[in-house]
Chemist: 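Pasting a structure below so you can have a look.
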Protein chains: 2
Amino acid sequence: MSVEPQRRSQLVEATITEIGMTGSLNVTVGQIAKRAGVSAALAFHYFGDKDQLFLAAMRHILTIYGAEVRGALAAGASPRDRLNGLIRASFSPTNFRRDVIAAWLNFYVLARRADAAKRLLAIYHSRLQSNLVHDLRPLVGADAADIAQRIGGLIDGLYLRNAINPEVMTGKSAAAHVLAALEREIGECK
Amino acid sequence: MSVEPQRRSQLVEATITEIGMTGSLNVTVGQIAKRAGVSAALAFHYFGDKDQLFLAAMRHILTIYGAEVRGALAAGASPRDRLNGLIRASFSPTNFRRDVIAAWLNFYVLARRADAAKRLLAIYHSRLQSNLVHDLRPLVGADAADIAQRIGGLIDGLYLRNAINPEVMTGKSAAAHVLAALEREIGECK
DNA sequence: TTTTGTTGATTGACTAATCAAACAATCCAT
DNA sequence: ATGGATTGTTTGATTAGTCAATCAACAAAA
């Protein structure tokens with residue numbers, strides 16, 4: 001009956017919360033550990049250093065996001081349905097929480113320094129791209145890749161806008177905007 | 001014959017460069033001052049504290065961006081021309097430099113803590129929005145505001161993508177993508 | 001007893017901000 | 001012109017504080 005997984009999970013959750021509070025990676029391991037109800041030394045014991053703790057937190061966020069997306073894709077019958085589900089999942093309350101978005105924002109910043117973060121981000125990007133392309137191709141053929149770039153970029157951009165102004169750009173309206181853009185992209189406009 | 005403006009300018013440039021190097025706000029005033037060829041104390045003397053130095057740097061970036069946009073808008077004859085110019089200006093080499101994008105990224109992060117940064121960012125957002133709406137209205141009428149949200153969001157999103165992967169998403173291709181999205185949005189798709 | 005889990009104490013490196021003083025250019029009175 | 005005061009510019013040294021990371025030691029369970 002090891003407590004290790006529990007402690008790790010506590011620390012990961014605390015990391016996300018703490019980043020959400022300060023809005024930056026400028027949180028001490030001490031603050032995180034305190035929130036998790038353990039000592040700072042334990043965080044180092046389990047994760048080695050601060051960066052790896054952050055990365056574990058992002059992996060956790062990506063895992064949840066990935067599971068939700070897979071669920072939405074599995075539930076959709078047609079390509080249209082699956083795209084719809086994919087977009088809605090991206091903006092679901094779970095992934096669109098204030099602190100999760102703050103973590104994402106700082107993840108992008110970290111990705112410029114830390115290679116491990118860059119790799120993790122690349123995985124997210126290429127998965128999103130291939131998910132989009134997979135269901136766009138039956139609808140638009142060769143344009144799928146380009147359209148996927150734009151839809152993916154729009155998702156990221158609206159995330160960013162929400163991070164700054166959650167009242168103006170809510171999760172609901174962001175999803176509606178992406179769906180509207182998708183409409184325009186796949187509408188047979190000759 | 002005061003040298004103050006020159007020193008301020010040196011420090012602002014050095015701030016942008018230094019943030020571009022490390023990719024984060026985690027640069028010491030000492031590093032910035034060293035690059036500017038002055039002492040750290042002088043940076044404090046002129047700017048008060050670190051945040052204000054960074055804000056001065058962002059104001060500088062926004063000023064240049066604003067001037068370029070105004071130029072592009074003035075040069076365009078039709079709404080279509082002006083939108084085209086606005087988008088191209090947003091992705092011009094000046095505004096799409098590696099270190100400038102790094103500054104933007106960290107600006108978004110700072111805006112969650114510092115009110116002054118949040119206000120500055122709000123000014124950028126509302127200017128972009130109103131510029132877009134102004135020239136979209138003649139083309140699409142009541143949809144202008146919504147479309148402007150999407151185009152603005154896409155611009156921000158593609159910025160973000162370039163920050164991570166400048167080879168895949170270049171300034172040129174980002175501008176092309178936004179223009180393509182604009183096409184789809186204003187194309188009379190009946 | 002051994003293993004596993006946990007911590008308090010400590011350290012060494014680093015940092016924002018301050019301050020008194022040095023330096024340089026300009027001005028004014030003689 | 002000349003010397004002394006004035007003002008603006010710049011820095012080295014210092015302060016007061018923070019933080020990541022380590023480690024020896026303690027507690028509990030097996």
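A note on names: the letters A, B, ... follow the listed sequences, proteins ahead of strands, and every chain is numbered from 1. Computed from heavy atoms alone, side chains included, the values below leave out hydrogens, waters and symmetry copies. Since we're looking at a predicted model, the values are computed, not measured.
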Chemist: How close or far is atom P of dT7(C) from atom NZ of K34(A), stated in whole angstroms?
Modeler: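 After rounding, the reported distance stands at 14 Å.
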Chemist: Grab the CZ-C1' distance between F47(B) and dT18(C) for me, whole Å please.
Modeler: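 Going from CZ in F47(B) over to C1' in dT18(C) covers 18 Å.
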Chemist: Taking all non-hydrogen atoms of both residues into account, name the closest pair between A57(A) and T15(A) and its distance.
Modeler: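 Scanning both residues, the minimum pair turns out to be CB-CG2, 4.0 Å.
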Chemist: In whole angstrom, what separates E4(B)'s CD from dA25(C)'s P?
Modeler: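 Whole-Å distance recorded here is 17 Å.
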Chemist: Report, as yes or no, whether the 6.0 Å neighbourhood of atom NE2 on H125(B) holds more than 12 heavy atoms from other residues, nucleotides or ligands.
Modeler: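 More than 12 heavy atoms, drawn from other residues, nucleotides or ligands, come within 6.0 Å of this atom.
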Chemist: Measure the distance from CD on E18(B) to C1' on dA16(C) and round it to the nearest whole Å.
Modeler: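 Nearest whole value for this atom pair: 16 Å.
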Chemist: May I ask you to verify if any side-chain N or O of S2(A) is less than 4.0 angstrom from the OP1 or OP2 atom of dT4(C)?
Modeler: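 Answer is no, no contact under 4.0 Å.
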Chemist: Does the protein touch nucleotides 16-22 of chain D at the base, only the backbone, or not at all? Give it as B, S and - per nucleotide, heavy atoms under 4.0 Å.
Modeler: ---SSBB
Chemist: With side-chain hydrogen bond (donor to acceptor under 3.5 Å, both in side chains) as the rule and sequence neighbours excluded, what pairs involving residues 32-45 of chain A come up?
Modeler: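 For residues 32-45 of chain A: E18(A)-R35(A).
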Chemist: So, E13(A) and R8(A), do they make that salt bridge, N to O below 4.0 Å?
Modeler: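 Salt bridge: no.
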Chemist: Residues in ring pair (Phe, Tyr, Trp, His ring centres under 6.0 Å) with Y108(B), at least two apart?
Modeler: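 Ring pair (Phe, Tyr, Trp, His ring centres under 6.0 Å) list for Y108(B), sorted by chain: empty.
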Chemist: What's the NE2-C1' distance between H45(A) and dC26(D), to the nearest Å?
Modeler: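 Taking atom C1' of dC26(D) as the reference, NE2 of H45(A) is at 14 Å.
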Chemist: Checking the side chain of R150(A) only, and the main-chain atoms of V178(B) only, is there a donor and an acceptor separated by less than 3.5 Å?
Modeler: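 Not at all, since once roles are kept as given, no pair shorter than 3.5 Å links the two residues.
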Chemist: Would you please confirm or rule out a distance under 4.0 Å between OP1 or OP2 of dT10(D) and any side-chain N or O of R7(B)?
Modeler: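 Indeed, a polar side-chain atom of R7(B) lies that close.
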Chemist: Starting at atom CG of L42(B), determine the distance to atom C1' of dA16(C), rounded to an integer number of angstrom.
Modeler: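 Rounded to the whole Å, the gap is 16 Å.
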Chemist: Can you list, by residue number, the residues of residues 102-118 of chain B that have a non-hydrogen atom closer than 4.0 angstrom to DNA chain D?
Modeler: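 Residues of residues 102-118 of chain B that come under 4.0 Å of DNA chain D do not exist, since none gets that close.
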Chemist: Above 12 or not: heavy atoms from other molecules or residues under 6.0 Å from CZ of R113(B)?
Modeler: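 Yes, CZ of R113(B) has more than 12 neighbouring heavy atoms, counting only those of other groups under 6.0 Å.
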Chemist: Which residues, ordered by chain and number, are linked to V29(A) in its hydrophobic cluster, where ILVMFWY side chains connect at heavy-atom gaps below 4.5 Å, directly or through other members?
Modeler: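 Other cluster members: F44(A).
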Chemist: Could I get a table of every N or O pair under 3.5 Å where one atom is in the protein and the other is in nucleotides 22-24 of chain C?
Modeler:
none

Chemist: Taking all atoms of both residues into account, what is the closest heavy-atom pair of L121(A) and A111(A), and its distance?
Modeler: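 Taking every non-hydrogen atom into account, CD2-CB, 3.8 Å.
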Chemist: Which atom pair, heavy atoms only, marks the closest approach of A89(B) to A72(B)?
Modeler: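 Nearest heavy atoms, A89(B) then A72(B): CB-CB, 4.2 Å.
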Chemist: Donor-acceptor pair, N26(A) side chain versus T22(A) backbone, under 3.5 Å?
Modeler: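 Side chain of N26(A) to backbone of T22(A), a donor-acceptor pair under 3.5 Å: no, none is there.
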Chemist: Among dT7(C), dT10(D), dT6(C), find the nucleotide with the atom closest to the side chain of V3(A).
Modeler: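 For V3(A), the side-chain atoms sit closest to dT6(C).
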Chemist: Expressed as a whole number of angstroms, how long is the span from L53(B):CG to dT15(C):P?
Modeler: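 Those two atoms, CG and P, are 15 Å apart.
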